[in-house]
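I have placed the structure first, in the form of structure tokens, so that the comments after it can refer back to it.
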Amino acid sequence: MRMLSEYAIGDLKLIYQLLHERLPGDPMLMDSDLLQDLQTFLQQRAKQEGIDVSLHAQWANWLNGGAALKGL
């Protein structure tokens with residue numbers, strides 16, 4: 001089995017976004033260890049790229065392929 005770090009970051013972002021969008025219809029996903037691990041991994045990567053993940057606009061922009069938004 002491969003580690004998350006071995007997958008393309010774009011693929012991981014897409015999968016995370018798809019799972020996150022399903023939360024309202026599938027609340028059991030909130031307890032998913034996989035979703036939590038994926039979010040933690042992606043947030044660590046974003047922080048390494050200068051993203052303040054506590055700011056939703058920066059986090060969302062990064063997930064959608066953008067870089068850090070300065071001044072937000």
Side-chain angles (χ1 to χ4, degrees):
M1 183 178 319
R2 292 165 53 181
M3 296 177 59
L4 289 175
S5 60
E6 296 179 45
Y7 290 93
I9 194 69
D11 290 348
L12 295 174
K13 288 179 180 183
L14 175 61
I15 291 167
Y16 173 79
Q17 290 179 86
L18 291 171
L19 289 174
H20 194 268
E21 288 173 9
R22 293 291 308 157
L23 287 175
D26 292 309
M28 289 176 46
L29 283 171
M30 288 294 289
D31 296 326
S32 167
D33 289 337
L34 175 60
L35 182 58
Q36 292 301 316
D37 289 346
L38 181 56
Q39 178 174 309
T40 299
F41 177 81
L42 289 171
Q43 287 179 339
Q44 289 171 347
R45 282 287 299 267
K47 288 176 185 177
Q48 290 171 355
E49 295 181 24
I51 305 303
D52 183 345
V53 298
S54 69
L55 299 175
H56 181 74
Q58 282 197 26
W59 169 240
N61 185 59
W62 182 82
L63 283 172
N64 287 301
L69 296 175
K70 303 298 180 195
L72 292 181

Problem - Partner residues of Leu34 under the side chain to side chain contact (heavy atoms under 4.5 Å, CB included) criterion, sequence neighbours left out - result: Ser32

Handout entry: Trp62 vs Val53 side-chain heavy atoms within contact, under 4.5 Å
Key = no

Handout entry: Residues clustering with Leu14 (ILVMFWY side chains joined when closer than 4.5 Å, directly or via others)
Key = Leu18

Handout entry: Contact list for residues 5-26, test side-chain hydrogen bond (donor to acceptor under 3.5 Å, both in side chains), sequence neighbours left out
Key = Tyr16-Gln39, Arg22-Asp26

Problem - Euclidean distance, Asp33 CG relative to Leu38 CG, rounded to 0.5 Å - result: 12.5 Å

Exercise for the section: Over all heavy atoms of both residues, which pair between Gln36 and Met30 is shortest? Give the atoms and the distance, please. Expected result: NE2-O, 3.7 Å

Fill in the blank from the handout: In this structure, CD of Gln44 is separated from CG of Leu4 (nearest 0.5 Å) by 10.0 Å

Problem - Between CG on residue Leu63 and CD on residue Gln58, distance to nearest 0.5 Å - result: 12.0 Å

Fill in the blank from the handout: Rounded to the nearest 0.5 angstrom, the CD1-CG distance for Ile51 and Leu42 is 12.0 Å

